Asker: 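First the structure, then my questions, so here it is.
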Amino acid sequence: MTYNVTLIRGDGVGPELAEATRRVLEATGVKFNWDIQDAGVDIMEKEGTPLPPKVLDSIRKNKVAIKAPITTPIGTGFRSVNVAIRKELALYACLRPSKTLKGVRSKYDNINLVVVRENTEDLYAGIEFEEGKADTKKLINEIEKLSGKKISKDSGISIKPISRTATAKIVRFAFDYAVANKRKKVTAVTKANIMKYTDGLFYHVAREVAKDYDGKIEYEERLIDNMCMQLVQKPEIYDVMVLPNLYGDILSDLCAGLAGGLGIAPGANIGKDIAVFEAVHGSAPKYKGQNKVNPTALILSGVMMLRYLKEFAAADRLEKAVAKVIAEGKSVTYDLKPHRDDPTAVGTSQMADAIIAAL
Ligand code: NAD
């Protein structure tokens, strides 16, 4: 069987990582018919949009995509293409496993955590009102009237919607993942003591869903600030965590850090019948075109894609090959060497070659 898969090259270090990942995935023997698409800052200059409609059309048609990172200018410019893809295609679940690999420098040797992040709403919904604009002033007046609370007139406003529907979907996804992957516990994480009507609703719905898994999967709740501290102190007591969008974003970087850094952290965005696989890290623009950064995170996202396609044997072989190359510590990128300026570090493409040789 040949799989039609959209390959989005991204920008910054994206194209180098996409090419390394494509070569490694092909070397597993699984057959792919790649539909190569471009999105991000480079295509913005040519086509006037960072996300040309043909990119989304291609993913809708193929149903599976692997995507290299894409830059989002901070505070100004276009909105995140990554967020747009997740929203446009209703990829409601973001799945980010963090696992310690032998050979990766980390303060911990026992990390095996999974972050399940809601992907479509919360402060990430992009509903924002700029400071000083007429609509913002109108909104501030209306909120003051309705809530009886004062808001400084020179405020910008970001809206945080959390719905019953989206929460039920993401919590069910987390429990189903836990069952399918023989995990023991799901922890729901929010700041419900402060945001009672959004994060409080998330807990309320999560408790209802958890009842359906009673006796199979344990359910517990933690506040996000306490969770950050506990993960640093005793990560081994946690398993699968389910969170609203923003906390999920932050906590998945924390978990990536516990396991040894962004260079090895894979991810998937999953909807009803479409999935887009991508690394947790961004486009690291300062390393663009240098054949320098670690391809592992995108390659392990490829392993998740192989499992999604039910190519389990190829996924296991590739995961083992990556682990072997990293454990040997010879043909690895700078971030996996004892010192970042180690002259024996290899480039992105050479690390991919070593993984192919280990397959
Ligand atoms: P980043 O993840 O791009 O890089 C932060 C630092 O982490 C890098 O400077 C580098 O030192 C290290 N790093 C990241 N990936 C690495 C790799 N593969 N190998 C070795 N080291 C690696 O984060 P940033 O600098 O905050 O963001 C850069 C851009 O990427 C921003 O525009 C941001 O919005 C975007 N971004 C995109 C995605 C995505 O495409 N899904 C995710 C996060 C950030």
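The structure presented is a predicted model; accordingly, all values stated were derived computationally and were not measured. All ligand and atom numbering here is 1-based and tracks the order in the structure.
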Asker: Describe, in one word, how the ring planes of Tyr92 and Phe173 are oriented to each other, choosing from parallel (under 30°), tilted (30 to 60°) and perpendicular (over 60°).
Answerer: perpendicular
Asker: For ligand 1, find out whether one of its N or O atoms is nearer than 3.5 Å to an N or O atom of Gly282.
Answerer: yes
Asker: Note the single closest protein heavy atom to atom 21 (N) of ligand 1, along with its residue, its atom name and the distance in Å.
Answerer: Tyr334 OH, 3.2 Å
Asker: Just to check, does Lys292 reach to within less than 4.0 Å of ligand 1 when the distance is taken from its heavy atoms?
Answerer: no
Asker: Can you pull out the closest protein heavy atom to atom 3 (O) of ligand 1? Residue, atom name and distance to 0.1 Å, please.
Answerer: Ala284 N, 2.7 Å
Asker: Tell me: protein heavy atom nearest atom 5 (C) of ligand 1, and distance?
Answerer: Leu262 CD1, 4.5 Å
Asker: NZ of Lys185 to OG1 of Thr187: how many Å apart, nearest 0.5 Å?
Answerer: 5.0 Å
Asker: Report the nearest protein non-hydrogen atom to atom 29 (C) of ligand 1: residue, atom name, distance rounded to 0.1 Å.
Answerer: Ser283 OG, 3.2 Å
Asker: Would a search of protein heavy atoms around atom 38 (C) of ligand 1 find one under 4.0 Å away?
Answerer: yes
Asker: Under a 4.0 angstrom heavy-atom cut-off, which atoms of ligand 1 come close to Pro69?
Answerer: 40 (O)
Asker: Among all protein heavy atoms, pick the one closest to atom 33 (C) of ligand 1 and tell me residue, atom and distance.
Answerer: Thr72 N, 4.0 Å
Asker: Indicate whether atom 19 (N) of ligand 1 is within a distance of less than 4.0 angstrom of some protein heavy atom.
Answerer: yes
Asker: Side chain of Asn82, backbone of Ile70: donor and acceptor closer than 3.5 Å?
Answerer: yes
Asker: Taking the side chain as everything from C-beta on, heavy atoms only, tell me whether Leu113 gets closer than 4.5 Å to Tyr238.
Answerer: yes
Asker: Is there a protein heavy atom at a distance of less than 4.0 Å from atom 41 (N) of ligand 1?
Answerer: yes
Asker: State, without any angle test, whether Thr2 and Asn33 hold a side-chain donor-acceptor pair at a distance under 3.5 Å.
Answerer: no
Asker: Got a protein heavy atom sitting under 4.0 Å from atom 27 (O) of ligand 1?
Answerer: no
Asker: In the complex you have, is atom 24 (P) of ligand 1 within reach of the protein, judged by whether a heavy-atom distance drops under 4.0 Å?
Answerer: no
Asker: Taking non-hydrogen atoms only, is Asn294 closer than 4.0 angstrom to ligand 1 via side chain, backbone, both or neither?
Answerer: both
Asker: Pick from Lys137, Lys149, Lys138, Lys153: which one makes a salt bridge (Lys or Arg N to Asp or Glu O under 4.0 Å) with Glu144?
Answerer: Lys153
Asker: Please say whether Leu17 places an N or O atom under 3.5 Å from an N or O atom belonging to ligand 1.
Answerer: no
Asker: Might you check, step by step, whether the distance between atom 10 (C) of ligand 1 and some protein heavy atom is under 4.0 Å?
Answerer: yes
Asker: Atom 35 (C) of ligand 1: which protein heavy atom is closest, and how many Å away?
Answerer: Ile70 O, 3.5 Å
Asker: State, to 0.1 Å, how close Pro295 and Leu17 come at their nearest heavy-atom pair, and which atoms those are.
Answerer: CA-CD2, 3.6 Å
Asker: Just which atoms of ligand 1 are under 4.0 Å from any heavy atom in Tyr287?
Answerer: 10 (C), 11 (O)
Asker: Without swapping roles, check the side chain of Lys196 against the backbone of Asn193 for a donor-acceptor pair under 3.5 Å.
Answerer: yes
Asker: Hey, which atoms in ligand 1 end up nearer than 4.0 Å to a heavy atom of Val280?
Answerer: 42 (C), 43 (C)
Asker: If you count every heavy atom of other residues, nucleotides or ligands that lies below 6.0 Å from Lys191 atom NZ, does the total exceed 12?
Answerer: yes
Asker: Which of the atoms of ligand 1 are close to Lys286, meaning less than 4.0 Å from one of its heavy atoms?
Answerer: 9 (O)
Asker: Can you list the atoms of ligand 1 that are under 4.0 Å from a heavy atom of Thr71?
Answerer: 32 (O)
Asker: Does the residue Pro285 have a heavy-atom contact with ligand 1, meaning some pair of atoms that are separated by less than 4.0 Å?
Answerer: yes
Asker: Between Leu262 and Asp253, does the side chain to side chain contact (heavy atoms under 4.5 Å, CB included) criterion hold? Intermediate values first, please.
Answerer: CA-CA 7 Å; Leu262 284 172; Asp253 265 39; 3.9 Å; yes
Asker: Hey, which of Lys160, Arg86, Lys87 is the one that makes salt bridge (Lys or Arg N to Asp or Glu O under 4.0 Å) with Asp122?
Answerer: Lys160
Asker: Does Pro97 reach the side chain of Pro266, with side-chain heavy atoms less than 4.5 Å apart?
Answerer: yes
Asker: Is Asp335 touching ligand 1 with its side chain, its backbone, both, or neither, if touching means heavy atoms under 4.0 Å apart?
Answerer: side chain
Asker: Consider only side-chain N and O atoms of Tyr213 and Asp176, and report whether a donor and an acceptor are under 3.5 Å apart.
Answerer: yes
Asker: Would you say the side-chain atoms of Asp249 pair up with the backbone N or O of Asn245, donor to acceptor, closer than 3.5 Å?
Answerer: no
Asker: Polar contacts were defined as any N/O atom of the residue lying under 3.5 Å from an N/O atom of the ligand; does this apply to His281 and ligand 1?
Answerer: yes
